[in-house]
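In what follows, a structure is listed as structure tokens, so that the remarks can point back to it.
Remember, predicted model here, so these are calculated numbers, not experimental data.
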Amino acid sequence: MKLMFKYIMKNRLLMTFNIIGLFCFALVELGIPTVVSKIIDDGIAKQDIAYVWWMGLIILILALIGSAGTVLLIYASSKISTNAARDIRNDIFSKSQTFSHAEYDKFGISSMIIRTTNDVFQLQQFINLVLRTALLTPLMIVASISMTLYTSTSLSMVVGIAIPIMLVAIVIMAVFVKPISERQQMYLDRLNQVSRENLTGVRVIRAFRKEEYEINRFHESNKDFTKETKKIFKLMSLSQPSFVFLLNFAVLGVFIVSSNLINTGSLEVGQMVAFMDYQFHTMFSFMLFALVFSLYPRARVSAGRISELLKEEPSIHNEAIDTEIHSDKTGTLEFDHVSFTYQHTKKPILHDITFSAKRGETVAIIGSTGCGKSTLIQLIPRFYDVTEGSIKIDGVDVRNYDLDTLRNKIGFIPQKTILFSGTIADNMRFGKHDANEKELVEAAKVAQAYDFIMDKPDQFDEMVYEGGTNMSGGQKQRMSIARAVIRNPEIYIFDDSFSALDFKTDATLRAQLKEITTDSIVIIVAQRISSIMDANKIIVLDNGEIVGYGSHADLIQTCPVYLEIAESQLTKEELAKWTK
């Protein structure tokens with residue numbers, strides 16, 4: 001497994017300690033039976049007490065070496081496996097930060113969480129087991145078989161019969177475990193997805209009285225996962241007693257054969273005792289090898305899932321061109337015949353979108369649900385890349401910008417407000433990490449968030465719960481707007497960011513924004529016509545195409561789709577002012 005080997009070899013010094021510990025352990029495990037054999041045959045049988053004491057001292061020395069080696073082995077293997085797990089998790093997280101939204105759509109959030117947690121834990125356990133036993137078992141098997149042959153060729157035949165049977169059992173187990181492990185991880189992904197949806201959507205579930213339905217859905221996913229897990233445990237539980245039976249069968253065979261050899265004088269009692277130990281180590285080493293081999297398919301599945309994620313090439317590449325030199329600094333945004341199609345669909349979501357905006361202008365986008373409004377604005381910061389055409393900022397294609405440079409130009413307020421655990425100030429400083437208190441206050445006032453922040457016991461140091469659950473929808477939207485305002489970007493993008501605000505707050509906020517965005521481009525996606533009536537340009541989308549483009553007054557007269565939206569939202573008196 002290249003992945004496992006790569007991360008293990010980052011700990012070369014610890015690997016050296018691990019190997020030293022292995023050799024110390026093997027030396028003691030195989031050395032003590034040899035010394036015991038000498039004590040029985042050359043000391044006790046000949047009543048040589050001095051020799052017995054001398055050999056006892058050697059056993060004590062070997063025991064101390066073995067204890068030190070075991071401690072060193074356990075320390076090194078544990079340290080290496082935990083370090084490897086840490087490095088893999090770090091690499092997965094770092095890799096995920098390079099992904100575009102397309103990669104997140106492909107893998108799924110739930111699956112990525114499982115790969116970062118459960119799959120890494122599976123590898124950690126396997127690496128620990130490999131370092132403790134898998135490197136030891138070949139050494140012990142070779143050395144034990146050599147010692148058994150050296151002690152008695154006749155007795156070695158008993159071991160020779162049991163070993164092939166164990167090997168066949170190991171191969172059969174590995175063949176059955178691999179597909180079960182693949183299904184188990186798939187069902188674990190599903191179980192995590194259901195749990196995540198249930199916990200994040202608990203309010204909706206309770207509002208629609210769907211607790212029983214969700215319980216059943218969870219039970220089904222849990223049942224599928226449990227079913228596959230039981231299969232693996234059953235195989236594991238069958239393997240151990242089978243190997244113990246073979247071991248006991250081999251011990252019985254050794255007793256039967258050795259009794260005849262001792263009677264004929266071909267074998268000493270001490271040699272038989274030593275052989276029993278050698279045989280035990282041989283068989284036990286094969287048992288450990290079987291354990292490693294049975295867990296290997298599970299680790300291989302996890303390693304494959306992790307490798308798949310780490311090898312995934314982001315669909316959006318950071319070109320890192322020095323745009324500070326090449327851009328014309330005109331403060332323009334231009335969509336030039338832009339079309340876009342998601343990877344998992346064949347039909348274009350956006351088709352032949354062309355418009356432009358310059359510094360100081362506000363461009364609004366309106367249309368029916370699902371017409372492509374949010375998709376369009378997500379192309380500007382390159383959350384997705386255009387399929388056809390180009391988007392230019394200051395005369396430079398966004399695909400030629402360094403991603404940090406590009407996104408530093410943009411203040412993005414998403415449709416779904418995301419707040420992070422921490423203080424209110426921490427959340428606002430997502431927009432500008434070194435913002436001082438004065439900047440926090442000014443941004444909060446523009447976003448109409450200052451008053452409710454001041455009402456909090458700790459004000460800007462008030463803690464925000466996970467997901468902002470201790471704030472209302474309108475408060476979260478205003479926090480999100482303040483986070484963008486504080487960075488003073490060249491382009492503001494509001495993705496239906498006023499929907500949770502009352503009309504008064506909405507109007508006040510837009511008036512405040514107008515004062516501070518005179519040198520910026522403002523893109524607003526909205527459902528309410530009242531939020532965009534004052535925009536310099538309004539784009540009307542329908543089925544991914546522009547069907548109207550102009551001012552509010554122009555569109556009322558020329559665009560049936562816009563007129564239909566206006567009729568559904570404005571009173572007859574308000575509409576009459578524009579339709580005369």
Side-chain angles (χ1 to χ4, degrees), residues 101 109 199-204 362 364 373-374 377-378 380-381 383 407-517 520-528 530-532:
H101 289 205
I109 301 300
L199 293 174
T200 55
V202 63
R203 290 177 174 83
V204 176
T362 297
K373 302 186 298 293
S374 295
I377 61 171
Q378 289 184 56
I380 301 173
F383 294 158
R407 290 170 182 171
N408 280 333
K409 291 176 176 285
I410 298 169
F412 190 87
I413 302 91
Q415 186 176 25
K416 182 180 179 182
T417 304
I418 302 295
L419 296 181
F420 301 92
S421 56
T423 65
I424 288 176
D426 291 338
N427 274 274
M428 291 181 65
R429 287 193 176 105
F430 254 75
K432 185 181 180 184
H433 67 89
D434 58 349
N436 56 39
E437 186 174 351
K438 181 181 177 182
E439 290 174 309
L440 292 176
V441 171
E442 289 177 352
K445 287 181 176 179
V446 170
Q448 304 303 298
Y450 183 75
D451 290 341
F452 83 76
I453 291 175
M454 289 299 102
D455 289 339
K456 300 285 184 182
D458 296 319
Q459 298 179 350
F460 283 95
D461 292 325
E462 181 77 11
M463 292 300 297
V464 178
Y465 296 168
E466 181 181 357
T469 54
N470 59 332
M471 290 188 177
S472 68
Q475 288 175 338
K476 287 193 288 185
Q477 276 196 344
R478 283 176 278 172
M479 282 286 297
S480 184
I481 292 169
R483 184 169 58 195
V485 168
I486 203 170
R487 78 187 308 173
N488 190 26
E490 296 177 25
I491 301 173
Y492 286 87
I493 300 176
F494 297 91
D495 186 5
D496 200 15
S497 307
F498 310 109
S499 58
L501 306 181
D502 60 85
F503 286 99
K504 180 183 178 181
T505 303
D506 183 3
T508 307
L509 196 156
R510 284 188 288 110
Q512 292 281 327
L513 282 173
K514 194 170 184 179
E515 293 180 9
I516 67 166
T517 59
S520 302
I521 298 170
V522 179
I523 308 294
I524 299 176
V525 171
Q527 300 287 351
R528 295 197 307 223
S530 60
S531 298
I532 63 171

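Between Y492 and I516, some side-chain heavy-atom pair lies under the 4.5 Å cut-off. At least one side-chain heavy atom of N408 sits less than 4.5 Å from a side-chain heavy atom of R487.
Rounding to the nearest 0.5 Å gives a distance of 10.0 Å between CZ of R478 and CE of M471. Of the inter-residue distances, the one linking T362 atom OG1 with L513 atom CG reads 9.0 Å to the nearest 0.5 angstrom. To the nearest 0.5 Å, the span separating CD1 on I424 from CD on Q475 amounts to 8.5 Å. Interatomic distance, D495 CG to I377 CD1, rounded to the nearest 0.5 Å: 3.5 Å. How far CD1 of I532 is from CD of Q527: 9.5 Å, rounded to the nearest 0.5 Å. Remark: I493 CD1 to I380 CD1 distance equals 4.0 Å, nearest 0.5 Å.
Nearest heavy-atom pair across A444 and M428 is N-CE, 3.9 Å. Summarising the geometry of P489 relative to A484, their closest heavy-atom pair is CD-O, 3.5 Å, with the distance given to 0.1 Å. Nearest heavy-atom pair across V446 and L509 is O-CG, 3.8 Å. Closest heavy-atom contact between P381 and R407: O-NE, 2.8 Å. Of all heavy-atom pairs spanning E462 and P457, the tightest one is OE1-CD, 3.4 Å.
A distance-only check finds a donor-acceptor pair linking the side chain of T508 to the backbone of K504 [under 3.5 Å]. No donor-acceptor pair under 3.5 Å is formed between the side chain of T517 and the backbone N or O of S520.
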Under the side chain to side chain contact (heavy atoms under 4.5 Å, CB included) rule, what do I453 and M479 come out as? Steps first, then yes or no, please. CA-CA 9 Å; I453 291 175; M479 282 286 297; 4.2 Å; yes
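Sorted by first then second residue, the ring pair (Phe, Tyr, Trp, His ring centres under 6.0 Å) pairs that include residues 424-469, not counting sequence neighbours, are F420-F430. For residues 436-449, the pairs satisfying salt bridge (Lys or Arg N to Asp or Glu O under 4.0 Å) are K432-E439, with sequence neighbours left out. Each side-chain hydrogen bond (donor to acceptor under 3.5 Å, both in side chains) pair with one or both residues in residues 422-431, not counting sequence neighbours, appears once here: T423-D426.
For NZ of K514, the number of neighbouring non-hydrogen atoms (other residues, nucleotides, ligands) closer than 6.0 Å is 12 at most.
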